[in-house]
Structure formats: structure tokens, C-alpha cells
Amino acid sequence: MKKAFVFLLGLVLFHQSASAQSIWFAPRAGRERPADYMDLFKPDAPWPQAASHVKVFELSQRMAAAGSETELRQIFSNLRDRHIGLCVGVLPLSAGPDGCGQGVEGYSAPGQSLHDAKRIQALGADVAAFALDEPLHFGHAFQGTKQLTPCHSPIDDIARQVALRVQQIRTVYPNAQVGDVEPFPGSDSWLAELEQWFEAYHKATGEKLAFFRLDMAWDRPWRERIPALVELLHREGIPLQVIYNGNGRAATDEEWIAQALSHAAEFESQGRPTPDVVCIQCWTPKPSKLLPETDPKTLTSLINQYVAQKTRK
């Protein structure tokens with residue numbers, strides 16, 4: 001019965017009509033999470049209106065791997081009671097034998113994805129989707145730093161690595177969808193690399209990505225690249241997700257929220273298509289609070305403000 005529920009939930013979440021936009025919610029978690037993070041999952045938590053708009057809550061890989069059992073059980077139970085789906089982050093790459101990739105985002109131990117999936121299943125998680133943490137960027141394009149050595153792996157090699165993790169996850173959650181998150185815009189060769197990546201992933205896994213999420217670099221020239229991206233995604237049959245967030249350098253919670261609303265309004269203007277999924281996501285110190293939704297400086301209030309902004313158009 002549980003597997004049937006997750007499968008049907010996946011159909012609802014990922015095969016909606018083009019006009020039925022979904023909102024996903026991914027607040028900052030882990031050691032740096034806001035102090036009121038777990039308050040989200042109390043039955044009387046002060047975000048009923050915002051929660052009613054959220055179709056999927058996203059749990060970071062760090063929380064899946066290291067969150068306390070008590071907290072994770074509470075999260076999964078509360079999301080189920082609210083009829084909110086669950087997406088879990090995945091670090092899908094393995095460091096090379098020469099040490100490349102060690103400590104780089106997107107990389108984890110070879111058995112980590114399977115461990116995380118088994119752990120959260122045992123704690124009661126009904127996972128509708130898994131989100132790959134930028135494998136194309138960090139595995140192929142990332143230039144490294146003094147402390148971090150990049151692997152610069154060929155795209156076909158990245159696809160094979162990711163396919164192994166997907167196969168592991170499928171032994172635990174056979175019906176969960178798998179999508180990808182990547183920075184946008186990328187390098188000058190971004191379009192050709194994306195097309196190669198989509199094809200390589202399809203060949204290696206036997207399935208297409210369930211979604212493609214843009215981690216927007218709002219201060220870079222993204223506007224002129226949207227039409228070509230949308231055309232590619234349409235041709236591949238991959239739904240578009242966009243993260244609406246503020247700037248990590250925002251000095252106040254109010255500034256971050258205002259930036260996020262401005263980014264959303266700009267992306268959905270000038271004839272650009274409305275994303276299939278809007279992801280309200282944060283991994284920065286601002287905003288510092290998630291609740292209550294009645295406070296315009298909180299992340300849950302951003303959900304309501306975004307919905308109201310769209311209604312006023």
C-alpha cells in the first residue's frame with residue numbers, strides 16, 4: 001500500500017498540466033539551520049497558509065544522513081499528515097583514486113546514497129523524489145580551489161557514476177523520481193554540455209531526468225539564455241524548476257526576502273515561461289527565521305508573498 005501511495009504521489013507531483021505550477025520548499029538545514037527549523041513540523045506550527053501551497057518539502061542529504069532519528073521521524077510523520085511530498089538531496093559522485101573530488105560539493109562515499117535511503121526508509125520516509133546535487137557542474141566544470149582538487153570527469157563518466165547511485169536508491173525506493181539541480185548560467189559551452197548530459201544520463205539510467213532545477217546566478221547574464229534552455233527541455237520532455245532566493249550577501253532578512261520576490265517577478269516577466277516548479281530554497285544565514293508566516297521577514301512568509309504577487313498580475 002505504501003509503495004502504491006508513493007507511486008501515485010509521484011504521478012501527481014511530476015505529471016501535472018503546464019498551468020498547474022507547484023511550489024517546493026527547501027529551508028536551510030544541517031548544523032547551520034535556523035533555530036525554529038523543527039517548529040515547522042509541529043501540528044499547530046504557524047504556517048498553515050504557506051503549508052497549503054507547498055507540494056513538496058526537500059530534505060538535505062546532510063539531514064538524511066546525520067539528523068537525529070527522533071527529528072526525522074517527526075518530520076516524515078508531519079509531512080504525511082499535511083499531505084506534503086518529500087524530496088531528498090543526493091551527493092551522487094565518488095572521489096577519484098588520485099583524491100580528486102575530496103571535499104567537493106556533490107561528492108560522497110560510494111555507499112552513501114544507499115545508506116541514506118535505507119536509513120530514512122527505516123524511519124518512515126515516503127520519498128517521492130531525489131535531487132542530484134549539481135553533478136555536471138562539480139564533476140565536469142568545477143575549476144577547484146587551493147584546497148579542493150577538481151576531477152574534470154568526462155560527461156559520460158559522470159553519468160555512469162550517477163547511474164550507480166540511482167540504481168542503489170531504486171533498491172529502496174523503486175518508484176521515486178530523480179531530478180537534477182545545476183547552476184545557471186554555466187560556461188560558454190553550457191548548452192552543448194547540457195544536451196550531452198541529458199543524453200548520457202538517459203543512456204546510463206534508462207530514464208530521463210524527472211526535472212531540471214536552475215540554481216540561479218542572478219547577477220550573471222541569464223536572461224538571454226532562457227529561450228534556448230526552455231527549447232531544449234521541451235524537446236527532452238524535462239520539466240523546469242527554478243530556485244527563487246535572495247543574495248547570500250543580504251544584510252538583513254527583509255533585504256533577502258525582497259530580493260527573492262524581485263527575482264521571481266523578473267523571471268516570470270517579458271514572456272518567459274512560468275516554471276513547472278518554483279523552489280523556495282535557502283542555504284544562507286538570511287533569512288534567520290522560518291516562522292511565523294505572518295512575519296514578512298520569514299521564509300514561510302515568502303511563500304505567501306510569492307503567491308500573492310502572482311495573483312496580483
Side-chain angles (χ1 to χ4, degrees), residues 18-29 32-34 36-37 40 46-47 49-58 60 87 131 134 137 179 181-186 190 211-231 233 239-313:
S19 61
Q21 183 191 67
S22 293
I23 295 177
W24 291 22
F25 186 40
R28 179 168 47 105
E32 300 84 12
R33 70 191 191 190
D36 57 355
Y37 181 88
L40 287 169
W47 64 303
Q49 182 180 354
S52 73
H53 296 306
V54 173
K55 291 293 188 295
V56 173
F57 182 91
E58 187 159 322
S60 69
C87 179
E134 307 192 351
H137 173 70
V181 185
E182 298 288 348
F184 185 83
W190 68 276
F211 58 85
F212 185 70
R213 184 187 305 169
L214 306 185
D215 177 1
M216 298 291 293
W218 295 106
D219 56 351
R220 295 189 61 194
W222 57 269
R223 299 161 188 81
E224 58 269 31
R225 295 190 174 187
I226 291 296
L229 172 67
V230 169
E231 195 280 329
L233 293 176
L240 171 65
Q241 297 191 3
V242 180
I243 297 172
Y244 288 159
N245 57 1
N247 192 306
R249 296 183 296 276
T252 64
D253 294 350
E254 296 96 325
E255 182 181 358
W256 194 98
I257 296 291
Q259 290 170 348
L261 288 168
S262 176
H263 292 153
E266 183 173 13
F267 193 95
E268 297 181 18
S269 66
Q270 300 182 16
R272 283 184 283 271
T274 301
D276 299 285
V277 169
V278 164
C279 188
I280 304 298
Q281 186 167 9
C282 179
W283 51 84
T284 58
K286 306 295 181 182
S288 58
K289 294 176 63 181
L290 302 177
L291 299 166
E293 66 178 2
T294 53
D295 182 343
K297 303 186 295 296
T298 68
L299 198 61
T300 52
S301 80
L302 174 58
I303 299 171
N304 294 334
Q305 291 181 69
Y306 168 71
V307 173
Q309 179 173 272
K310 287 178 66 67
T311 303
R312 290 193 296 269
K313 285 185 179 180

Between [Y] and [X], is there a side-chain heavy-atom distance shorter than 4.5 Å?
X      : Y      : result
Arg213 : Gln281 : yes
Ile23  : Val307 : yes
Phe57  : Leu40  : yes
Leu302 : Tyr244 : no
Pro185 : Trp190 : no
Phe267 : Ile226 : yes
Ile303 : Glu293 : no
Trp218 : Gln259 : no

Chi angles and distances behind the side chain to side chain contact (heavy atoms under 4.5 Å, CB included) call for Val278, Glu268
CA-CA 11 Å; Val278 164; Glu268 297 181 18; 4.0 Å; yes
Look only at the side chain of [X] and the backbone of [Y], and say whether a donor-acceptor pair between them is shorter than 3.5 Å.
X      : Y      : value
His263 : Gly246 : no
Trp256 : Lys286 : yes
Glu182 : His137 : yes

Between atom [atom1] of [X] and atom [atom2] of [Y], what is the distance when rounded to the nearest 0.5 Å?
X      : Y      : atom1 : atom2 : value
Thr274 : Leu240 : OG1   : CG    : 10.0 Å
Glu134 : Asp215 : CD    : CG    : 5.0 Å
Ile257 : Asn245 : CD1   : CG    : 10.5 Å
Phe212 : Leu233 : CZ    : CG    : 6.5 Å
Thr298 : Gln305 : OG1   : CD    : 8.0 Å

Exercise: identify the closest heavy-atom pair between [X] and [Y]:
X      : Y      : answer
Ala217 : Trp222 : O-CD1, 3.8 Å
Phe25  : Leu299 : CE1-CD2, 3.5 Å
Thr284 : Gly248 : CG2-CA, 3.7 Å
Lys55  : Ser22  : CG-OG, 3.8 Å
Ala131 : Glu58  : CB-OE2, 3.8 Å
Ser301 : Lys297 : OG-N, 3.9 Å

Could you check Ser288 against Asp253 for side chain to side chain contact (heavy atoms under 4.5 Å, CB included), going step by step and ending with a plain yes or no?
CA-CA 7 Å; Ser288 58; Asp253 294 350; 2.7 Å; yes
Give the intermediate values and the outcome of side chain to side chain contact (heavy atoms under 4.5 Å, CB included) for residues Gln21 and Lys310.
CA-CA 11 Å; Gln21 183 191 67; Lys310 287 178 66 67; 3.4 Å; yes
